[in-house]
Amino acid sequence: MERVMLNAVMVLRWMAIGFCVFVFEVFEIVGVLSLECVCVLCFAGGKKFCTTIDTLTQREPDSMLAAMFSGRHTLSEDPDKGFVFIDRDGKHFRHILNWLRDGVVPLLTDAEYSELMREAEYYQLMGLVEGINSVLSKRKESDELDAELTRTDIIKCIQSEKVRFRGLNLSGLDLSKLDLSYVDFSYASLKNVFFSRANLQCAKFRGRCEFTGANLRGALLAGASLQSANLQDACLVDCSFCGADLRSAHLQTADLTNANLEGANLEGANLKGAKLNNANLKGANLQRAYLRHVNLQNTHLEDAKLDGANLLGAIR
């Protein structure tokens, strides 16, 4: 009886050893196959992320990340450890990876969305940019109240010096033909505001000012600060943006027909679907701007900087 039990134990041991060898060989094969598709990204400060080439390239095939890992470009790779070094802060890259994996926009504060937006724009992840804009728009609409001031209130205010409408909700107001030069509209909600022919020279619109659907036809915005402003679907026909700061501005489907953007800074701006017929972009900074499938045939681009701009499918 003892001999039978001993033999059974020996058989079980040999079966276990055989299974372990089999599992080891399988993992070894899978490892060899997957190592070609797996990469480790190292960011400034040493933060590392492990992911696959498919994750980085499939959801946003027109992005900078997809281009970097397409095999067409030389990467900054550690020869010993195999890390791919990216000279960016990796604080929000986990959100970017989750977006690329699942297509879900994370739930963040407005300040965190602003930081994530900056990273998404840098990597030209336009799907994520639009997703963040959609979340912020819905959040703003749910909190939106009636305009806090009237046109008459505005006229009274602009008669004094250093006028500030920071953070106010002015949605839907008629501010046409008013002299609003040097006025500070930072963080204000300006949805569907009628700014036609208004003088907004050197006005400040910092902090992702909301211009969605606003009418600025013929408005003077020379030297205005519009960094990260949301001008999506805005009417900007005949506007003057000479020397304006439009870095990372959201100009999707905006109508810029006959607009004067000479010398304007549009670095990283999103111009997807924008109308640029006869627009003057001479000497403008369009580095890393998103101009995919935009019609540039009648656009004046002499001396414009287009380094790193996404011009895939653009008509020139």
Within a strict 4.5 Å, meaning less than it, do heavy atoms of the [X] and [Y] side chains meet?
{"X": "Leu108", "Y": "Glu115", "answer": "no"}
{"X": "His250", "Y": "Met117", "answer": "yes"}
{"X": "Phe211", "Y": "Phe185", "answer": "no"}
{"X": "Arg88", "Y": "Ile86", "answer": "yes"}
{"X": "Ser248", "Y": "Ser228", "answer": "yes"}
{"X": "Val294", "Y": "Thr299", "answer": "no"}
{"X": "Asn270", "Y": "Met126", "answer": "yes"}
{"X": "Leu116", "Y": "Pro106", "answer": "yes"}

Any donor-acceptor pair under 3.5 Å linking the side chain of [X] with the backbone of [Y]?
{"X": "Ser189", "Y": "Glu210", "result": "no"}
{"X": "Ser70", "Y": "Ala67", "result": "yes"}
{"X": "Arg59", "Y": "Leu100", "result": "yes"}
{"X": "Glu60", "Y": "Leu128", "result": "yes"}
{"X": "Ser137", "Y": "Asn133", "result": "yes"}

**OP:** Could you give me the CA-CA distance, side-chain angles and deciding distance for Asn98 and Val104, then say whether side chain to side chain contact (heavy atoms under 4.5 Å, CB included) is met?
**Re:** CA-CA 7 Å; Asn98 287 335; Val104 177; over 6 Å; no
**OP:** Please determine, by modelled atom types, if His92 and Glu119 share a side-chain donor-acceptor pair under 3.5 angstrom.
**Re:**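 Checked: His92/Glu119 side chains show no N/O donor-acceptor pair below 3.5 Å.
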Subject >> Pair Asp174-Ser176, side-chain donor/acceptor within less than 3.5 Å >> reply: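 Result is yes, a qualifying pair exists.
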From [atom1] ([X]) to [atom2] ([Y]), nearest 0.5 Å:
{"X": "Met68", "Y": "Leu56", "atom1": "CE", "atom2": "CG", "answer": "8.5 Å"}
{"X": "Leu41", "Y": "Leu65", "atom1": "CG", "atom2": "CG", "answer": "8.0 Å"}
{"X": "Cys235", "Y": "Phe195", "atom1": "SG", "atom2": "CZ", "answer": "13.0 Å"}
{"X": "Lys282", "Y": "Glu262", "atom1": "NZ", "atom2": "CD", "answer": "6.5 Å"}

Original post:
Within a reach of under 6.0 Å around OH of Tyr182, are more than 12 heavy atoms found that belong to other residues, nucleotides or ligands?
Top reply: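 Count not over threshold, so no.
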Subject >> Arg164, CZ: over 12 other non-hydrogen atoms inside 6.0 angstrom >> reply: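 Open.
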**OP:** Mind checking ring-ring contact (aromatic ring centres under 6.0 Å, His included) for Tyr290 and listing every partner two or more places apart, or none if nothing turns up?
**Re:**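 With sequence neighbours excluded, Tyr290 shows a ring-ring contact (aromatic ring centres under 6.0 Å, His included) to no residue whatsoever.
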**OP:** With sequence neighbours left out, write down each residue that passes ring-ring contact (aromatic ring centres under 6.0 Å, His included) with His300, or none if nothing qualifies.
**Re:**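 Expected list: none.
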Original post:
Hey, any chance Leu276 and Ile315 share a hydrophobic cluster, counting ILVMFWY side chains that come within less than 4.5 Å of each other, even indirectly?
Top reply: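 No, Leu276 does not connect to Ile315 through the hydrophobic network.
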**OP:** With side chain to side chain contact (heavy atoms under 4.5 Å, CB included) as the test, would you mind laying out the steps for Thr150 and Asp153 before giving the verdict?
**Re:** CA-CA 5 Å; Thr150 65; Asp153 294 329; 3.1 Å; yes
**OP:** Walk me through it: do Phe241 and Leu266 pass the test side chain to side chain contact (heavy atoms under 4.5 Å, CB included)?
**Re:** CA-CA 10 Å; Phe241 288 99; Leu266 288 140; over 6 Å; no
